[in-house]
Amino acid sequence: MRKAMPAALQQPISLIGRELINDLSALPENEDIITDFLLERLQRGQIYTWVGSLLLTLNPNNEISTSHLYNSSEFNKYTNISDIYEANPHIFTVAAKAHYNLTKQFGKSCQVIIISGETGTGKTYNAFKCLQFLGAVNKNSVQPSQDICTYNTMIKITDACRLISAFTTACTEKNEVSSRHGQLVRLHYKGGSTHSLVVYSYADKDVREKLLENIFQMIFGLANAQLETFYLSKDDCYDILSVVDYTKGTYYQEGFRDTLQALDISGFEPDQQNQIFHVLALLIHMGNIKFVKNGETCAIDLSSNKSKEALKNTCTLSSLTEDTMIELLTTILINPQSTWRKHTSYHRHLVTVDACRNRLHSIIRHIYDLLFRWILNHINDTLSLQQEYSQWLGILDIFGFESFDKNGIEQLCVNYANEKMQQYFIESYVENSHKDLQEEGFITNCNSLNTINLYKKRLNIIEENLFLTLNDACQTPVGINMSSIIQLTCKNLNNVQKKFLSEKEGNFIIEHYSGPVAYSIEDLLSKNADKVPNEISLIFNISRNKFLRSLINSEEEQQFTVKTTTKKKTMLAKLKYNMDTLIKELSKCDLHYVRCVRPNRSINNKWDRKDFKKQLACIGVFDALPLVKCKYPIRLRYRDFYLRYSKKNTGYKTTSRYVTNDCQMQNIHKTSEIATHTKFILDRESKKSNNSEEEDEVFLTNSLLKNKEVHHSYFATKSKKDVKDVNSIENSFETRSESKNNDTKMKQGVLKKHLGDITLHISSTNTRYADNDDEKIWSIYYDAERNFYTIRINSCTLFYKNGILSRRCLAAIPIRMHTRITCLTNSHIVPRSALPQGLQDCL
Ligand SMILES: Nc1ncnc2c1ncn2[C@@H]1O[C@H](COP(=O)(O)OP(=O)(O)OP(=O)(O)O)[C@@H](O)[C@H]1O
């Protein structure tokens, strides 16, 4: 059960100024209010919102222009950000915070920005914005005297990521440029600037039947003459490009120009670029090969011109004979590695067209995979400058949750990866927050533990029941009826487990965190087996194409992909291994979460609120919110707090002052003494000089703080009705000006006004009085719209609202300060004894 919120924090939102709120934790825990609020923000072009320390981003869906969010002034604003913990919600803030923590050595030496959400919600877009921003920061931090190579590193890195993206995106039902791969871009830092890049590939989707962006680009981007050298033509029809939108030629041409530029910048020589296109052309032709049944066996369909032509071009581009290619595609070489028993090797014919087709596509996929990894290795070799440093900043962009009308193993891989990441988020963020809050005494019990258990159970069933069954089935040499295996697996589950995994009409249904998804079992085994023919390297080793040969033999040399040690190399086993490795890596890092959602329109063109709420629930916003509401939106580690305010201390005079109940001022010399007089809040607002004698001083005491037993002291917000008569304050200031020569009390420079149970004291020693009676030294202005007072004292401006007197324009959400007597080094809680003089900056 959570502790009741302080009354001041439960006031109606309208009083706080809804349009100023940028953190969901300031709103009541009501899904409808949150939905309205976010959609309102979206209409205003505010696509970013804090959920405590999480950043929530809304995909503007091409309806709202967001260019203003990423223009050069925004870059400058965030690259020169001074107050990293209180900055507006923006992807740049998250990047700046991670960069700040890394370079100032706050927290761990590895900082990772995790961007997640369903497909098409804007993960890749935001990951690029992060990179661009870090590029701008890097540019600022690199001294002109530094190596030009270092100076250009970030430009190269951004282009390299663009290149990787071109090789890993494809058009899907929900996103034209959907990532088909999960990558962790690691920017290695030395001396505050990026020195190298390493891109780790953690999970690839099954790209067999997918259309890869770069292949489109190539077809549209290459000149006709160059296409002819690869036996391609813009007018011909290629199966691998069967759903290409030919009206988008210009778009792909532009993409190709970017890819070429990225290839140049990433250090690919023209002949290497040509080799890449050569291999892509080979794959396009291979995709056109068709098979027919030929008696008991199968053969390549030579009666179709398209298929015949494809075979011819495939052989020419791979420099292999037609016989070799036919043998590779229609037979299996048994015992291929045998050298001493060579006579025992023999070819077994494939007997079904499907088997031949699966074999062809696994070869296409394998070669494409090898090409991509070769490119990745090349980029990493060029940009890692042969060195990795212990400090790095990572951006993790992993493909988003998918649920289409028909889902296969590809969606299973994607959704499992998302399930795993979500479980990790719930475990690392929600569970840790829960522990913190419990330790700090804010909550005694919390429902979030049930949520965590739910995630664990579901993942356990996917991994232990489903994956193991599918992997075992792949290893079995005899034919298997997958439908009955799935039925049996589901039948053996207990009632709780059945909630997560069930079987219906030949499909199996997983109740994911994002809702149920039905997966077809068609092709499940063949695709999961991911059987790359063992003889592929033997056959391509006799090719006269040197690049192809080296590519096929390069598998063992690849460094930046996670290698599975498991003997059962099924697709699901590899994926599980990769995800486990990734999570192990993440557990060593400080994590910054960015959660992406995409509001969609329903048929009547209104926002689909149901879907929007579902997305918010799925990415964990509603799980995190109750915890976030208990925590403070701004949480500084003790060390950060100390560094920040101790600096402020040295800038000020050494003597602090506090006000006792009867407004006497005393000097104190140790900050620790402040702790015993917690009424001290605001000091020295005038900036005239360091000479304390000439300065005005403003104090605010709050009777709420008188009680020393109050452990969680907070600077309470109070509703407007609690503030009594504002005019009377103004009047008293006027009176003070007028009676300056007569009133001895005024000469002592103390003004006191009771506002409910808050007392505002304004004191002045040696105050500079007005030279003439018309000059107003004090003024109070009430801003009715935003419900706060602006107090001007000489050149100094203060803001007052609901009991908070602050030097800055007031924060949009209620602010509390939590203190305790002692604290751990890494605690977010400031010990009372360490409250320094610059505490007012917290406000
Ligand atoms: N902040 C934004 N401003 C403008 N456009 C955006 C923004 N975020 C997303 N988009 C648009 O949404 C499209 C889809 O985004 P993106 O490709 O980043 O989605 P994704 O979450 O990475 O999807 P997938 O998981 O399928 O890769 C982008 O092409 C872009 O046009």
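Positions are given from 1 along the sequence. Remember, it's 1-based here, ligands and their atoms both numbered in the order they're listed.
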Ring centroid separation Phe425 to Tyr455 under 6.0 Å: no
Sub-4.0 Å atoms of ligand 1 with respect to non-hydrogen atoms of Gly122: 8 (N), 9 (C), 15 (O), 16 (P), 18 (O), 19 (O), 20 (P), 21 (O)
Nitrogen or oxygen of Thr119 less than 3.5 angstrom from that of ligand 1: yes
Worked verdict on Phe128 versus Tyr70 for ring-ring contact (aromatic ring centres under 6.0 Å, His included): CA-CA 11 Å; Phe128 262 98; Tyr70 313 112; over 10 Å; no
Contact atoms of ligand 1, heavy-atom distance to Thr66 under 4.0 Å: 3 (N), 4 (C)
Within-4.5 Å side-chain heavy-atom neighbours: Tyr424 and Leu582: no
Side-chain touch Leu38/Val597, heavy atoms, less than 4.5 angstrom: no
Pro60 touching ligand 1 at heavy-atom level, < 4.0 angstrom: yes
Ligand 1 contacted by Gly120 (non-hydrogen, < 4.0 Å): yes
Per atom 13 (C) of ligand 1, closest listed option by heavy atom (Ile47, Asn59, Thr124): Asn59
Tyr70 heavy atom under 4.0 Å from ligand 1: yes
N-O pairing of Asp580 and Lys576 below 4.0 Å: yes
Under 3.5 Å: N/O of Asn62 near N/O of ligand 1: no
Sub-4.0 Å heavy-atom approach of Glu118 to ligand 1: yes
Minimum heavy-atom distance between Thr121 and Cys596, given as atom pair plus value: OG1-CB, 3.4 Å
Partner of Trp607 by side-chain contact (heavy atoms from CB on, under 4.5 Å), out of Asp36, Leu42, Thr35: Leu42
